[in-house]
Amino acid sequence: MKNNIFVLNKSFYTRLDVLQISKELLGKYIVTNIDGQRTVGMIVETEAYRAPDDKACHAYTNKRTERTEVMFREGGAAYVYLCYGIHHLFNVVTAEMNIAHAVLVRAIEPIEGVDIMLKRRKFTDNKPSLTNGPGKLCVALGIKTIFSGVSLTESLGVIYIEDRGTIIAPSQIVAGPRVGIFGAKESRFWDWRFRIKDNPWTSKPNIVRYED
DNA sequence: AAGAGGATGAACT
DNA sequence: GTTCATCCTCTTG
């Protein structure tokens, strides 16, 4: 079985369909080697962001700033940023150079190094609230903003993603809305959040009132 | 130079 | 259900 495991390489990340990549990342395994500690989690929930037309994307209208610059890189890098001054959020940069697409990893199922994750989160029990949110999983995996820009395609790197042969059928994928505090524009209604159906390690679905 | 606000989470009532 | 912690980035002046 070991020979069925491989690290996702450039050709996985550089494709142009970020929605497809978001769905394919479900069932893949994030591996981190941070502070000398190895932790692994299976991705169970993702969210797509796509400049220039996606209003929720930091690089909306292809705006380049010091922070968003990494999103314009060739696919296969990490984009980590600080939200609300507290939470580190981990994204995968996709598409070709100068096309700012990314996938936010929103929830994982702990696989290896659970004891390390528990210690980082100050938890005693392994339960869904350990990793069922984008800020939570970054704490559990040890991911911080200092890792923004690192390559995800090195098998000896600090962060990389593995295919272990897990197949998530389309019928097992549930799509839903992302956060929606945007103007009357369409992007708030795009169902660009993807989760593995009935997986207990996903976060709470976002509720959007379509009538307003 | 200053201020607003955000791809959230935890701790409340 | 509500509040607020906390700080970086971007916009404005």
Side-chain angles (χ1 to χ4, degrees), chain A residues 18-19 21-23 25-26 30 41 43-73 75 77-95 99-110 117-149 152 159 174-195 200-209 212:
Chain A
V18 68
L19 302 183
I21 295 174
S22 299
K23 288 181 259 192
L25 280 171
L26 297 174
I30 302 184
I43 299 171
V44 298
E45 186 176 332
T46 60
E47 200 162 273
Y49 289 89
R50 188 184 72 186
D53 54 329
D54 175 8
K55 223 173 178 179
C57 180
H58 289 157
Y60 177 55
T61 65
N62 284 336
K63 184 177 57 174
R64 284 177 183 262
T65 66
E66 198 174 349
R67 180 176 66 157
T68 62
E69 196 57 37
V70 64
M71 292 184 75
F72 289 88
R73 292 200 203 163
Y79 172 45
V80 187
Y81 85 100
L82 190 66
C83 185
Y84 297 107
I86 305 170
H87 309 293
H88 301 255
L89 271 58
F90 172 73
N91 304 250
V92 174
V93 174
T94 69
I99 299 179
H101 295 181
V103 180
L104 171 67
V105 177
R106 294 192 50 86
I108 61 168
E109 176 175 332
M117 297 191 203
L118 291 173
K119 192 171 291 180
R120 284 174 174 153
R121 290 271 292 139
K122 305 191 196 317
F123 270 47
T124 51
D125 303 320
N126 184 15
K127 54 186 178 184
S129 56
L130 183 67
T131 55
N132 65 353
K136 300 176 188 178
L137 71 89
C138 281
V139 173
L141 295 175
I143 298 173
K144 306 180 209 56
T145 53
I146 53 171
F147 298 118
S148 193
L152 300 174
I159 310 171
V174 181
R178 304 176 299 176
V179 294
I181 318 177
F182 312 103
K185 262 317 183 192
E186 58 287 348
S187 54
R188 66 179 295 194
F189 301 126
W190 291 344
D191 283 341
W192 283 8
R193 183 178 290 194
F194 305 101
R195 69 184 65 238
W201 297 90
T202 59
S203 72
K204 288 271 188 295
N206 189 32
I207 308 299
V208 171
R209 296 163 52 83
D212 57 28

(message) Can you see whether A:Y79 has A:R73 sitting over its ring - NZ or CZ less than 6.0 Å from the centre and within 45° of the normal?
(response)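 Output no; distance or angle outside limits.
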Show each protein N/O and nucleotides 9-13 of chain C N/O combination with a separation under 3.5 Å, one pair to a line.
{"residue": "C:dC10", "atom": "OP1", "partner": "A:T65", "partner atom": "OG1", "Å": "2.0"}
{"residue": "C:dT11", "atom": "OP1", "partner": "A:K63", "partner atom": "NZ", "Å": "3.3"}

(message) Stacking between B:dA7 and A:Y49, yes or no? Criterion: centroid separation under 5.5 angstrom, plane angle under 30 degrees.
(response)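 The ring of A:Y49 is stacked on B:dA7.
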(request) Please report the shortest heavy-atom distance between A:V105 and A:I108, naming the atom on each side. (result)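 Minimum heavy-atom separation between A:V105 and A:I108: CG1-CG2, 4.1 Å.
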(request) Show your working on side-chain hydrogen bond (donor to acceptor under 3.5 Å, both in side chains) between A:T68 and A:T65 and close with a plain yes or no. (result) CA-CA 5 Å; A:T68 62; A:T65 66; 3.3 Å; yes
Please state how far atom [atom1] in [X] lies from atom [atom2] in [N], giving the value in whole angstrom units.
| X | N | atom1 | atom2 | result |
| --- | --- | --- | --- | --- |
| A:K127 | B:dA10 | NZ | P | 10 Å |
| A:K204 | C:dG1 | NZ | C1' | 14 Å |
| A:K136 | B:dA11 | NZ | P | 10 Å |
| A:K122 | B:dA11 | NZ | C1' | 17 Å |
| A:N132 | B:dT8 | CG | P | 13 Å |
| A:H88 | C:dC8 | NE2 | C1' | 11 Å |
| A:R121 | B:dA11 | CZ | C1' | 13 Å |
| A:H58 | C:dC8 | NE2 | C1' | 11 Å |

(message) Under a 3.5 Å cut-off for both contacts, is B:dG3 paired Watson-Crick or G-U wobble with anything, and if yes, with which nucleotide?
(response)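 Pairing partner, where one exists within any strand: C:dC10.
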(message) Strictly by Watson-Crick or wobble contacts shorter than 3.5 Å, is anything paired with B:dC12, and which nucleotide is it?
(response)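 Base-paired to C:dG1.
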(message) Using OP1 and OP2 only, check whether a side-chain N or O of A:H87 sits under 4.0 Å from B:dA7.
(response)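 No.
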(message) Is there a side-chain contact between A:R106 and the phosphate of B:dT8, meaning an N or O under 4.0 Å from OP1 or OP2?
(response)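 Yes.
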(message) Taking any heavy-atom pair under 4.0 Å as a contact, classify A:R193: base, sugar-phosphate, or nothing.
(response)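 Nothing, no nucleic acid heavy atom in range.
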(request) Answer with base, sugar-phosphate or nothing: what part of the nucleic acid does A:L82 contact at a heavy-atom distance below 4.0 Å? (result)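 Sugar-phosphate contact only.
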(request) Could you work out which one of B:dA7, B:dG6, B:dG9 sits closest to the side chain of A:Y84? (result)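 Minimum distance to the A:Y84 side chain belongs to B:dG6.
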(request) Would you indicate which nucleotide in B:dA7, B:dG9, B:dA10 comes nearest to any side-chain atom of A:Y79? (result)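 When the side chain of A:Y79 is considered, B:dA7 is the closest of B:dA7, B:dG9, B:dA10.
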(message) Quick one, A:M71 with A:C57, criterion side chain to side chain contact (heavy atoms under 4.5 Å, CB included). Give me CA distance, side-chain angles, the key distance, then yes/no.
(response) CA-CA 10 Å; A:M71 292 184 75; A:C57 180; 3.6 Å; yes
(request) Could you tell me if the ring centre of A:Y81 sits under 6.0 Å from that of A:H58? (result)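 Yes, they do, as the ring centres are separated by less than 6.0 Å.
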(message) Quick one: does any side-chain atom of A:T46 pair with a main-chain N or O of A:V103 as donor and acceptor, under 3.5 Å?
(response)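 Side chain of A:T46 to backbone of A:V103: no pair is present.
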(message) As a quick check of understanding, evaluate side chain to side chain contact (heavy atoms under 4.5 Å, CB included) for A:D53 and A:W190, giving each step before the final call.
(response) CA-CA 12 Å; A:D53 54 329; A:W190 291 344; 4.0 Å; yes
